[in-house]
Protein chains: 2
Amino acid sequence: MSKPEVTTTKLDDAARAGWLYYVAGNTQDEIAAKLGISRQSAQRMVSLAVSEGLVKVRLDHPIAHCLDLAEQLKQRFGLKMAEVVPTDPGSSSTTLGVADAAAAEMTRWLRSDVPIILGIGTGRTLKAAIEQLSPIECPQHKVVSLTGNISPDGSAAYYNVIFNIADKIKARSFPMPLPVIASSPEERELLHSQAMIRPVLELSARANVAFVGIGDLEEDAPLFIDGFISREELQALRAAGAVCEIIGRAFNENGEPIGGLTNDRVASAQIPPRETALVIATAKGPKKLPGIVAAIKGGLINGLITDEHTAEILLSR
Amino acid sequence: MSKPEVTTTKLDDAARAGWLYYVAGNTQDEIAAKLGISRQSAQRMVSLAVSEGLVKVRLDHPIAHCLDLAEQLKQRFGLKMAEVVPTDPGSSSTTLGVADAAAAEMTRWLRSDVPIILGIGTGRTLKAAIEQLSPIECPQHKVVSLTGNISPDGSAAYYNVIFNIADKIKARSFPMPLPVIASSPEERELLHSQAMIRPVLELSARANVAFVGIGDLEEDAPLFIDGFISREELQALRAAGAVCEIIGRAFNENGEPIGGLTNDRVASAQIPPRETALVIATAKGPKKLPGIVAAIKGGLINGLITDEHTAEILLSR
DNA sequence: CGCTTGTGTGAGTAATTGCCCATACGACAA
DNA sequence: TTGTCGTATGGGCAATTACTCACACAAGCG
């Protein structure tokens, strides 16, 4: 399962090699000579440092076009915050770029000295963002999960990232130890009234900033792929006009919640109130477009991190 | 002087190319294709982004900070070599870490195929370093002791490590079978002129690399604790301004040898000339600080192995 | 107009890097 | 002890990148 289990000394050496390579500008041959190892080993160390995420690259240049687009997004859609990253024309990754940008934005918030409450949704993009996050000690903050973290089969929901982020930033974390979608509305009420859960819900309502993903509801909707809803439930949602899902709750093209269906059983917290919280969605790509549009229309979010291409389409509507 | 004056659009393009290269992980060929330029131009853009400082690399690992400090030490104090090991906040050991680092540095030298002359001082840190040393067969090298190995009571000086190291590395070793401090200047001359000793002294002057400790001269100075000098001699040295001792010889805060006193009787070799030899001091901790500063000021050493905390204090002066 | 100068481009080539494979080494079970 | 497995290592080679050079083009100037 997962973790490649790399020993500490290995990582130390890898960090050394990575430093010599990226910071000191040595070639791998030189590193090999200095460390008394073969060039191949040096190469392995450098690439280990990269793959273990020790090496972070940042570009200190606001690309004019992206800045323009971000500004236009804010103006046009009344967003409090918008960030646009360059599009990689050839890549079909749905997280590339926006994940880094989201991580950077999180870091900006976490660096604050005044304690904040950080709400965290779920999804592939967020997971990728957390992976990019540099470790930073901020015990003054609280991180609260906006969704349950238990899969229908009882296992931990893979894309629930509350533990990952809490680990990285050493803040107090508040997971929601319950299923993403309850089996009935009554069960949801029962769960939500538990003494363990109520404080978490209250905390989430007081979040200062929240990062959420936007899930599409196409044939391969993440909610379906990950087993939270059945194919029939997915089709019912679509038939009812649902175009996207945010922390498990489905919305139609105007950003209005779908009545009934799985929405009655979603055990997530509410999206933190946009009056008091900055709710940032991270999403890019054509599949997410209807969802982004809906989220904006319905005022579900007031912050957006997306890519150049998606931003252009949003603005051309 | 002046900026090379690169236009904004150029930098924008460079930033874009740099982003595609470093963040999106494209090859320069792919970038060229995507941006519709030649591969060479793509390469130029990327390297422009780097040279303009748009690309910032950070290493998320404690080691990175150590390497940064080492680089600063070299720059600031004109050292040929510097190594900084992480400080273990909980430990008060004066050898932890630096000993391993010293052993590693020795190993790097010993792995050389071309014969080298390795000078060895004395002290607790060096003894610990030798203990860390992995056995390695290198009969091509010579190891020469820089100090005598006989205690005032006639026993072997405990922290003289020439035999330990010779044993480990199977090299020809050259001990100095005489007291660390002679009873009089005349005796020292007599001892040094012995047929058995002279070649050793000559060899030490031709050392390629030497490892020495830096001894403090506080109340519990190693030189006193180990019985090489009396309490009165120690006090006289301190009164004369001595702050540290390297292979038995006392120096003031500017790294200048104290005139007279025990220095007239120290039977050690001279510190190998820094023009031809790399003289590496291994020392860490607040007690050693004045000594390290003195050794650097006086140009007594041109290499340093220390720990993070000590390095930071050195650089903050 | 012709010349110089500086900038940008592509070709060619050397240097560097990434990756595959054969081998060696150590742990562990038979 | 032997065999096997997983891991680490170095050689070799292909891909990628960095650099040098020659040339094209445009601006400035006599």
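Because only heavy atoms are used, hydrogens play no part in the values below, and waters and symmetry mates are left out as well, while side chains stay in. The chains referred to below are lettered A, B, ... by the order of the sequence lines, with proteins before strands, and numbering in each begins at 1.
Proximity of a side-chain donor or acceptor of A:T306 to a complementary backbone N or O of A:A283 within less than 3.5 Å is detected. A:N26 places no side-chain N or O within 3.5 Å of a backbone atom of A:A32 that could act as its donor or acceptor partner.
Rounded to the nearest 0.5 Å, atoms CD (B:E105) and OG1 (B:T282) are 11.5 Å apart. Taking CD1 from A:I169 and CG from A:L110, the interatomic distance works out to 4.5 Å, rounded to the nearest 0.5 Å.
Across the protein-nucleic acid pair, A:N26 atom CG and D:dA18 atom P stand 15 Å apart, rounded to whole Å. Note: CD (B:Q28) to P (D:dT17) measures 4 Å, nearest angstrom. Between the P atom of C:dG8 and the CG atom of B:L48 lies a distance of 10 Å, rounded to the nearest Å. Taking atom CZ on A:R39 and atom P on C:dA15, their separation rounds to 14 Å, with Å as the unit. Whole-Å rounding puts the A:I31 CD1 to C:dT17 P distance at 7 Å. The nearest whole Å value for the distance from the OH atom in A:Y22 to the C1' atom in D:dT17 is 13 Å. Across the protein-nucleic acid pair, A:I37 atom CD1 and D:dG11 atom P stand 13 Å apart, rounded to whole Å. For the pair B:D29 CG and C:dG18 P, the computed distance is 15 Å after rounding to whole Å.
Distances shown here put every side-chain N or O of B:T27 at or beyond 4.0 Å from the OP1 or OP2 atom of D:dT16. Here B:S41 does not reach the OP1 or OP2 of C:dG8: none of its side-chain N or O atoms lies under 4.0 Å away. When the side-chain nitrogen and oxygen atoms of B:Y21 are compared with OP1 and OP2 of D:dT17, one or more of them lie within a distance under 4.0 Å. At the phosphate of C:dT16, neither OP1 nor OP2 sits under 4.0 Å from any side-chain N or O atom of A:Q43.
Among the heavy atoms of the strands lying under 4.0 Å from B:Q40 is at least one base atom, whether or not backbone atoms are also near.
Classification of B:K288 and B:D307 as a salt-bridged pair fails, no side-chain N sitting under 4.0 Å from a carboxylate O.
Contact of A:R44 with C:dG18 (side chain to base): no donor-acceptor pair of N or O atoms is detected under 3.5 Å.
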